[in-house]
Amino acid sequence: MTLTLTLSLKRRGNKLPRPNGERVGVRGIGVEMNELTIALAKGRLLAPSLEIFEALGYDVREVRASRKLVVESGDVRFLIAKPMDVPIYVEHGAADVGIVGQDALRESGVNVYEPLVLGYGACRLVVAGKPALRDAEWRLLAGLRVASKYPRCTQKYFSARGLSAEVITLYGSIELAPMVHLADLIVDVVDTGRTLRENGLVELDEVFKSQAALIVNRASHTLRASEIRGLVEKINGTQTNADERR
Ligand code: PRP
């Protein structure tokens, strides 16, 4: 842990000065560091996540308008990453903070702090299959094949119930798998339910509920405690204001 932290601080301190060449010192520890780095998940969570930072006074127009993956704005730097990768960037310290769905977070199995849920990006991870399985005791079926882009969560769900299942990892359009007999079941996220309905599948069980969450690298949580505490409080404030407006 100490080694990783030292390397990560050196890398950030030495190679990523601010554009004007200024370095920002970290209070008390004598190590140079730069802007707080925030990894944001691409896709459905990006727009509401950017609205939060816009409400906090950050200029996010470049994130919206360009294909840049690193965008500096004021005293922060945004990294734009695939949802499943956001926890990895944060766990390894390439980002101090991230905003990601709890589905991707659980699947990644990373060791990070999760101080705040954000109330948007609500969805559910479910087990689904053809309607014929609704009444059948699918739990008793031998040789179950389950397709998912959440292999870790899927394995955990079936193992916790003492069921053996062959998990087939796919990267998208999971609903296709039962239709072409690649799998008996799927484990996937459901938002409106439209994709399941339009592909003749039904929900059989809920694995867990998910929403967007703020995650924090464990070392940053200590080394940049006041900055991160300030950010968490400000984000929490924007969420409270949004709740009051609803
Ligand atoms: C997700 C998920 C479902 C769909 C659920 O897929 O994997 O397929 O959304 O949404 P719904 O309940 O509102 O229909 P996504 O759009 O991320 O694309 P993918 O299948 O390529 O991963």
Side-chain angles (χ1 to χ4, degrees), residues 5 8 12 24-29 33-64 69-125 153 189 191 208-246:
L5 178 59
S8 127
R12 295 199 287 181
V24 182
V26 173
R27 292 161 298 282
I29 61 166
M33 287 173 69
N34 47 21
E35 303 97 323
L36 197 72
T37 301
I38 302 171
L40 299 179
K42 278 184 186 179
R44 297 175 196 215
L45 296 186
L46 187 59
S49 302
L50 290 176
E51 277 172 25
I52 289 180
F53 288 98
E54 201 161 44
L56 295 181
Y58 291 98
D59 184 350
V60 299
R61 285 174 298 180
E62 196 176 2
V63 182
R64 288 204 182 101
L69 303 176
V70 181
V71 174
E72 304 202 2
S73 175
D75 58 355
V76 305
R77 192 162 66 124
F78 296 111
L79 306 188
I80 311 304
K82 282 276 192 189
M84 289 286 190
D85 294 338
V86 168
I88 315 290
Y89 282 97
V90 174
E91 183 182 46
H92 289 271
D96 301 291
V97 172
I99 292 184
V100 67
Q102 291 171 314
D103 54 330
L105 182 59
R106 304 278 173 269
E107 180 62 21
S108 69
V110 298
N111 183 10
V112 294
Y113 287 113
E114 187 188 338
L116 197 61
V117 290
L118 298 169
Y120 58 88
C123 60
R124 297 175 308 116
L125 192 72
C153 294
V189 287
D191 175 10
F208 58 70
K209 290 182 170 54
S210 172
Q211 62 177 296
L214 185 84
I215 58 173
V216 179
N217 170 269
R218 288 192 167 262
S220 301
H221 190 264
T222 304
L223 292 169
R224 308 186 75 152
S226 65
E227 275 171 280
I228 288 174
R229 197 180 320 114
L231 181 69
V232 170
E233 280 167 11
K234 284 193 287 179
I235 291 178
N236 202 16
T238 65
Q239 296 309 98
T240 309
N241 292 342
D243 285 346
E244 281 164 4
R245 284 197 300 276
R246 274 178 205 132

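Keep in mind the model is a prediction, meaning the values are calculated, not measured.
- The minimum heavy-atom distance linking I215 with P87 is given by the pair CD1-CA, 3.8 Å.
- Residues D96 and E227 fail the side-chain proximity criterion, which asks for heavy atoms closer than 4.5 Å.
- Side-chain polar atoms of Y89 and N217 form no donor-acceptor pair below 3.5 angstrom.
- Here the closest non-hydrogen pair linking L118 and A213 is CD1-C, 3.9 Å.
- Using a distance-only test at 3.5 Å, with no hydrogens or angles considered, no donor-acceptor pair links the side chain of E72 to the main chain of R77.
- Taking CZ of R64 as the reference point, atom CG of L46 lies at 8.5 Å (rounded to 0.5 Å).
- If you take CG on L45 and CD on Q211, they are separated by 10.5 Å, rounding to the nearest 0.5 Å.
- To the nearest 0.5 Å, the span separating CD on Q102 from CG on L125 amounts to 11.5 Å.
- Side-chain contact check for V110 versus V90: every heavy-atom pair is 4.5 Å or farther apart.
- Between A41 and P83, the closest heavy-atom pair is CB-CA, 3.8 Å.
- One finds the CG atom of D59 at 8.0 Å from the CD atom of E54 (value rounded to the nearest 0.5 Å).
- In this structure, I52 and Y120 have side chains that are in contact, with non-hydrogen atoms separated by less than 4.5 Å.
- Checked against ring-ring contact (aromatic ring centres under 6.0 Å, His included), F53 has the following partners two or more places apart in sequence or in another chain: F78.
- Taking CG from L214 and OH from Y113, the interatomic distance works out to 14.0 Å, rounded to the nearest 0.5 Å.
- In terms of the side-chain hydrogen bond (donor to acceptor under 3.5 Å, both in side chains) criterion, E51 has no residue partners (sequence neighbours excluded).
- Distance check: L116 CG to N236 CG gives 5.0 Å after rounding to the nearest 0.5 Å.
- By the ring-ring contact (aromatic ring centres under 6.0 Å, His included) test, F208 is found to be paired with no residue, residues two or more places apart in sequence or in another chain being considered.
- Judged purely by atom type and a 3.5 angstrom limit, E91 has no side-chain atom pairing as donor or acceptor with the backbone of V112.
- With contacts defined as side-chain heavy-atom distances shorter than 4.5 Å, the pair V97/S220 does not qualify.
- With contacts defined as side-chain heavy-atom distances shorter than 4.5 Å, the pair L36/D75 does not qualify.
- No side-chain heavy atom of V76 sits less than 4.5 Å from a side-chain heavy atom of L231.
- V86 and A81 make their closest contact through CG2-CB, 4.0 Å (heavy atoms, listed as atom of the first residue, atom of the second, distance).
- Nearest heavy atoms, A39 versus A95: CB-CB, 3.8 Å.
- Within the 3.5 Å criterion, the main-chain N or O of C123 finds no donor-acceptor partner in the side chain of S210.
- Crowding of R61 atom CZ: a count of heavy atoms from other residues, nucleotides or ligands under 6.0 Å not exceeding 12.
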